[in-house]
Amino acid sequence: MNICVFASGAGSNFKAILDSIKKGYLKSKVCLLITNNPECGAVIIAEKNNIEHLVVNKKMFPDLSGKKYSDLFLKALTKYKTDIIVLAGYMKMIESEVLKKYKNRIINIHPALLPSFGGKGMYGINVHKAVIASGVKVSGVTVHFVNENYDEGKIIFQKCCEVKNGDDEFTLQKRVLKMEHRYYPQVIKSLENLEIGISDLEF
Ligand code: GRF
């Protein structure tokens, strides 16, 4: 599969995917990185790995809205023959035209067990803070398809980990991130191995 990764932050999941490709674990390749943040770590990772990146944000294209803005994404996705979009810490909503064209072909990783601790504002360290504050004894990783609502698409994969006595949001984040790096490539591999084309999935 040709994967287009969308990322806004450090890009450690992006790197984990690239490492899995380098090791031959994944057969797919990353054809493009799209980001809203030209200064993020993911861009540096793309440059180091000779992967093209495209910065799209409203600041760069203040005059474009609606369909014209979506077209920026769609043109790039088509140009790089994207089969699947992998969100890896992407901080923007996906344009509705992109959602339509890539229905069931956009996945996201969330650092907690959805449907708990998801939704607007639940990103980064906020998620782990909320988990610790709630007093739950397990957290984990969720990979899900992306739809028009934050963190609400169909769940593909979940794995839990313990929330240990004495954990704070940072120790928990570290434990969960390590799991993300292990399991996100595994989920992508399971999509590579589908007997039907990913675009034929129906639910
Ligand atoms: C990860 O925790 C992921 O679950 C969430 O955003 C974070 C991205 O981290 N969606 P990184 O940029 O991949 O290091």
Side-chain angles (χ1 to χ4, degrees), residues 3-22 25-26 28 30 32-49 51 53-57 84-94 98-99 102 106-133 136 138-163 167-188 191:
I3 300 173
C4 177
V5 173
F6 281 45
S8 310
S12 69
N13 279 287
F14 174 35
K15 182 169 180 301
I17 293 165
L18 291 175
D19 289 346
S20 301
I21 293 170
K22 277 185 207 158
Y25 176 72
L26 290 177
S28 298
V30 176
L32 178 68
L33 168 76
I34 294 187
T35 184
N36 60 307
N37 177 6
E39 270 150 35
C40 69
V43 168
I44 296 170
I45 294 168
E47 281 169 352
K48 273 194 190 143
N49 288 277
I51 288 169
H53 74 273
L54 176 70
V55 180
V56 186
N57 59 39
I84 174 173
I85 297 173
V86 171
L87 307 188
Y90 184 62
M91 300 297 287
K92 294 282 171 198
M93 209 60 187
I94 301 296
V98 177
L99 282 173
Y102 284 85
I106 310 177
I107 62 172
N108 181 43
I109 188 158
H110 185 77
L113 297 173
L114 293 174
S116 299
F117 307 108
K120 207 164 165 48
M122 280 292 169
Y123 59 85
I125 202 72
N126 296 352
V127 178
H128 304 292
K129 246 187 208 165
V131 169
I132 297 280
V136 294
V138 288
S139 189
V141 172
T142 303
V143 179
H144 63 95
F145 286 109
V146 173
N147 66 13
E148 56 290 344
N149 301 316
Y150 277 118
D151 301 327
E152 285 184 16
K154 189 180 165 67
I155 292 172
I156 308 168
F157 173 92
Q158 286 188 307
K159 198 81 173 182
C160 38
C161 68
E162 197 184 346
V163 179
D167 263 344
D168 61 18
E169 59 271 34
F170 300 105
T171 54
L172 182 60
Q173 182 181 45
K174 199 170 158 199
R175 187 173 312 125
V176 172
L177 195 59
K178 207 168 154 197
M179 293 169 71
E180 294 183 42
H181 299 159
R182 173 163 180 206
Y183 293 114
Y184 213 8
Q186 285 190 19
V187 172
I188 295 169
L191 296 175

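For this chain, numbers begin at 1 and follow the sequence in order. Indexing begins at 1, ligand by ligand and atom by atom, following the structure's order. Every heavy atom of this structure was used, including side-chain atoms; hydrogens, water molecules and symmetry mates were not.
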Give the ring-plane orientation class for Y183 versus F157, where under 30° counts as parallel, over 60° as perpendicular and anything between as tilted. tilted

For atom 3 (C) of ligand 1, closest protein heavy-atom neighbour: E180 OE1, 3.0 Å

Check: L99 and I106 side chains under 4.5 Å, non-hydrogen atoms: yes

G11 N/O to ligand 1 N/O under 3.5 Å: yes

One finds that the ligand 1 atoms under 4.0 Å from a non-hydrogen atom of P111 are 2 (O), 4 (O)

Should A7 be listed as contacting ligand 1, given a heavy-atom distance under 4.0 Å as the test? no

Judged by heavy atoms only, the candidate from G89, S8, S12 nearest atom 11 (P) of ligand 1 is S12

Suppose we measure from atom 9 (O) of ligand 1 to each protein heavy atom; which comes out shortest, and what is that distance? N13 ND2, 3.9 Å

Out of the candidates M179, R182, H181, K178, only one should pair with V141 under the side-chain contact (heavy atoms from CB on, under 4.5 Å) rule; please name it. M179

Side chain T142, main chain A112, donor-acceptor under 3.5 Å: yes

Closer than 3.5 angstrom, by distance alone: can the side chain of N108 be matched with the main-chain N or O of V146 as a donor-acceptor pair? no

Report yes if A88 has an N/O atom closer than 3.5 Å to an N/O atom of ligand 1; otherwise report no. no

Around atom 5 (C) of ligand 1, find the nearest protein heavy atom and jot down its residue, atom name and distance. I109 O, 3.8 Å

Looking at N57, is its backbone amide N or carbonyl O close enough to the side chain of N36 to form a donor-acceptor pair, meaning the two atoms are under 3.5 Å apart? no

With only distance considered, is N108 within less than 3.5 Å of ligand 1 through an N or O on each side? no

Identify, with sequence neighbours excluded, every residue that meets side chain to side chain contact (heavy atoms under 4.5 Å, CB included) alongside I132. V163, D167, L172

